[in-house]
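None of these values were measured; they are calculated from a predicted model.
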Amino acid sequence: MAAGDACEHVTKQVGTGRVTTCVRSLKLQYCFTRSPEAILVASKKGRTFDGDKRRKHRHWQVTVYYHDGEKFARVYIDRERAQHFADRQKRSPIVKSTRVREVD
């Protein structure tokens, strides 16, 4: 929006959020704004799983990449077993690389 453009905003409450209408001379825009509580919940994308009290164990996914482009994945609930499986697979001459990561 240019510095000289004037924009009129009209806000209406719809469900749990607000709909803001920005009326310009050439264009009609609709913007959906969530409630502040929903914004806080939605902003936790890169969170760790330490705060979830319901979790009884963690899941570790081992992905094995082969030289021919194939890949294989297996899920463990024990980090040591997952790492042991990855190390054992790395010894094979057809394995390109392995990766161990936490999944939810």
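To the nearest 0.5 Å, atoms CH2 (W60) and CD1 (I77) are separated by 12.5 Å. Rounding to the nearest 0.5 Å places NE2 of H67 at 7.5 Å from NZ of K96. Rounding to the nearest 0.5 Å places CD1 of I94 at 16.0 Å from OH of Y65.
The 12-atom threshold is not exceeded at CZ of R81, counting heavy atoms of other residues, nucleotides or ligands nearer than 6.0 Å. Remark: R99 CZ is loosely packed, at most 12 non-hydrogen atoms of other residues, nucleotides or ligands lying under 6.0 Å away.
Nearest heavy atom pair, residue A82 against residue V62, reads O-CG2, 3.4 Å. Nearest heavy-atom pair, Q61 versus V103, reported as atom, atom and distance to 0.1 Å: OE1-CG1, 3.6 Å. The minimum heavy-atom distance linking V100 with Q83 is given by the pair CG2-OE1, 3.8 Å.
Looking at F85 and T98, their side chains never come closer than 4.5 Å, going by heavy atoms from C-beta outward.
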Worked verdict on Y76 versus H57 for side chain to side chain contact (heavy atoms under 4.5 Å, CB included): CA-CA 10 Å; Y76 288 91; H57 54 264; over 6 Å; no

